[in-house]
Each structure stands twice: as structure tokens, then as C-alpha cells.
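These numbers were taken from a predicted model, which means no experiment stands behind them.
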Amino acid sequence: MMSGLATALPFLHRHIFHPTDFTQASQTAFIHALKLALVMQTRLSIMHVDPDVAQEHFEDFPRVRPILTQWSLLPNGSSKEAVTSLGIQIKKIRAVGDDPAQAIVHHLEFHPADLLVLGIEQRTGLDRWLHKPVAEPIARGAHLPTLFVPSHVEGFVSARDGTIRLRRILIPVEQAETAQRAIDTATVTAEVLGSMALDMQLVHVGGDPMPPVQLHERPGWNWHQDHCQGNVVDWIIGMGAEYDVDLIVMATEGHHGWTDALRGSTTERVVREARCPVLSVPAG
């Protein structure tokens, strides 16, 4: 089914990486990282960076077996070895450093991953300037496909039982090449996650016509296209809320000029306001 599309998601069968700071934001992202690892039968690395962490606090890491037991995938009292019988490998990494983002990017240089899953606290205005962001610099420095999971939403994976609820995906369309990369990524993601009934919503903002793209037809899938004018970020956030989407998939080219350096790229600004997870894919 995925012939010709598998290259859209190189992380399908290799390595998922999840930084954690033990907050609720990280917990929601961890649930998504764990479920993706199970579905894709891949490795999951969980890393925590702290200026000064005593060894005895190492077990503060998210506990995997209780969640798998709650999801009815393991019986009570299962051993660590039982986790690998589910087809996944879990590695927990502890590091000491004053700059978590820098330490994580440095680690990824020597231990490459194929997908980042990041929890994000959505701050804007003065509150954002007063709190140093971590998720955005990690994604920018690693230059990898990244799933941003806002702390205040459940997302498309249920923490209660691990079920996936992916019914609507929003895909912003700008240039043909970057749009096609986002469409291919959304298609493979939905297929891997087993979405049988799905609405794929394309939105193009601007005066130019919608660029030509290839849509991948599947039984039970519906493709919709909207063309509008105005502020790109406002339209993406507004349509995401209006259609109650479960995921936004965007191809990003990073920062362009000093304005983006101050405000963030279009993708970063969407991530700060979205009411659902955002899957960002490097355009290059």
C-alpha cells in the first residue's frame, strides 16, 4: 500500500527520540512516543537533562510497564524483558548540563534518531520571552521530523487505553514541492496508524492558485481543498479549530531573515497556538 511513499517517513522502522523534563507536557508527548514505537516496532530513547541530578532520581523517568499494563498489552508484574516481546526497545538516558536543548542536540549528533517527539508548553507574548523555550531550539538544531504535542491536549493517542483517534488531518499548502512532502508524510502516517476513515484538509493561503500536488486516494479517505487569503498562521489555527482536526502536518524550511528569528518560522508559530499535535517535516 505504501509503495513509492515509504521514503516520506524514514523513521518508520528505526529510532524515535523523546526528551523529557518529567512535567505533564512531557508525559502527554511520552504517551505518543510510546504508542508510535509500538505501532512502528522500533526503538524509543528517552532523555533527561538537568543541571544537577542525583543518581537516585534516575527512576523519575516515565514508567513504561505500568502504561503497557493499563493498555492491556502486558499482565501485572511483568518483567523488563517482557517489554521487548512487544517488538520495541526502550533506552533511558540521563545527562547533566546547564542547557538542555544544546545537550540534546549534541547527543543526537552522535546518536542519530529519525523522529523527535516533543512536549511543548504553549507560551506567547511576554510570557514566552520570560521563559526560555526548549522544544523549538531542539527541533531547529536537530533538523529532524518532529511531532510537537501541546501539554493541554490529549492528542490522537488516549493515555487511558492507548487507542488512536485520527479522523482529520490539516495540511497547509504553499509551494508544490514542500506541500507534496507534507502530503506524503500525512498519508504514510495515517496508513501506519491504521486510519480507515479520514478527512484530509488542504489549505492554501495567498493570491496564487493552489499548486499542483498528488493526492493519495484510499478507501474511506476524503480529500478537501480550501483556498483563502490573509495571515497564514491565523488561517491554519482557525481552520484547525473549525474542523476539529487531530493532527496538523507541515513541511518547514526553517527561519528566513531576522523577522523569523524574532517571531519564529510559520511552523513554530503554529506550534505555539495549535489545539492538536503538529508534525513538522524538514523541507530539504
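In this structure the side chain of Leu73 reaches within 4.5 angstrom of the side chain of Leu38, judged on heavy atoms. With contacts defined as side-chain heavy-atom distances shorter than 4.5 Å, the pair Asp184/His216 qualifies. Counting heavy atoms from C-beta on, the side chains of Arg94 and Lys92 never come closer than 4.5 Å. With contacts defined as side-chain heavy-atom distances shorter than 4.5 Å, the pair Thr28/Val153 does not qualify. Residues Met250 and Thr266 form a side-chain contact, since some pair of their non-hydrogen atoms from C-beta on lies under 4.5 Å apart. For the pair Pro145 and Pro282, the minimum side-chain heavy-atom distance is below 4.5 Å.
Applying the side-chain contact (heavy atoms from CB on, under 4.5 Å) test to Val39 and every residue at least two apart in sequence or in another chain returns Lys35, Ile164, Val192, Leu193. For Phe156, the ring pair (Phe, Tyr, Trp, His ring centres under 6.0 Å) partners two or more places apart in sequence, or in a different chain, are His32. Checked against side-chain hydrogen bond (donor to acceptor under 3.5 Å, both in side chains), Ser26 has the following partners two or more places apart in sequence or in another chain: Asp21. Annotation: side-chain contact (heavy atoms from CB on, under 4.5 Å) contacts of Asp161 (sequence neighbours excluded): Ser158, Thr163. Every side-chain hydrogen bond (donor to acceptor under 3.5 Å, both in side chains) that His224 has, sequence neighbours left out, goes to Asp199. Under the salt bridge (charged side-chain N to carboxylate O under 4.0 Å, His left out) criterion, Asp244 pairs with Arg167, sequence neighbours left out. With sequence neighbours excluded, the residues forming a ring pair (Phe, Tyr, Trp, His ring centres under 6.0 Å) with His204 are His227, listed by chain and number. Scanning for ring pair (Phe, Tyr, Trp, His ring centres under 6.0 Å) contacts around Phe30 gives an empty result, with sequence neighbours left out. For Glu217, the side-chain contact (heavy atoms from CB on, under 4.5 Å) test picks out Leu215, Trp223, with sequence neighbours left out. By the side-chain hydrogen bond (donor to acceptor under 3.5 Å, both in side chains) test, Thr267 is found to be paired with Thr252, residues two or more places apart in sequence or in another chain being considered. Among residues two or more places apart in sequence or in another chain, the side-chain hydrogen bond (donor to acceptor under 3.5 Å, both in side chains) test is passed with Ser79 by Glu81. With sequence neighbours excluded, the residues satisfying side-chain contact (heavy atoms from CB on, under 4.5 Å) with Ala139 are Leu118, Thr146, Phe148.
His15 places a side-chain N or O within donor-acceptor distance of the main-chain N or O of Pro112, the cut-off being under 3.5 Å.
Of all heavy-atom pairs spanning Gln180 and Gln214, the tightest one is OE1-N, 2.7 Å.
Around atom CH2 of Trp235, no more than 12 heavy atoms belonging to other residues, nucleotides or ligands sit under 6.0 Å away. Summarising the local packing, CD of Glu177 is surrounded by 12 or fewer heavy atoms from other residues, nucleotides or ligands at distances under 6.0 Å.
Aromatic ring pairs are classed by plane angle as parallel below 30°, tilted from 30° to 60° and perpendicular above 60°; the pair Phe110 and His106 is perpendicular.
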(request) Under the salt bridge (Lys or Arg N to Asp or Glu O under 4.0 Å) rule, what do Glu154 and Arg165 come out as? Steps first, then yes or no, please. (result) CA-CA 10 Å; Glu154 182 180 46; Arg165 186 170 180 257; over 6 Å; no
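With Leu36 as the partner, the side-chain contact (heavy atoms from CB on, under 4.5 Å) test is satisfied by one option alone out of Ile31, Thr189, Ile16, Ile88: Ile16.
A single hydrophobic cluster is not seen to contain both Val105 and Leu116; linkage of ILVMFWY side chains at heavy-atom distances under 4.5 Å, directly or through other members, places them apart.
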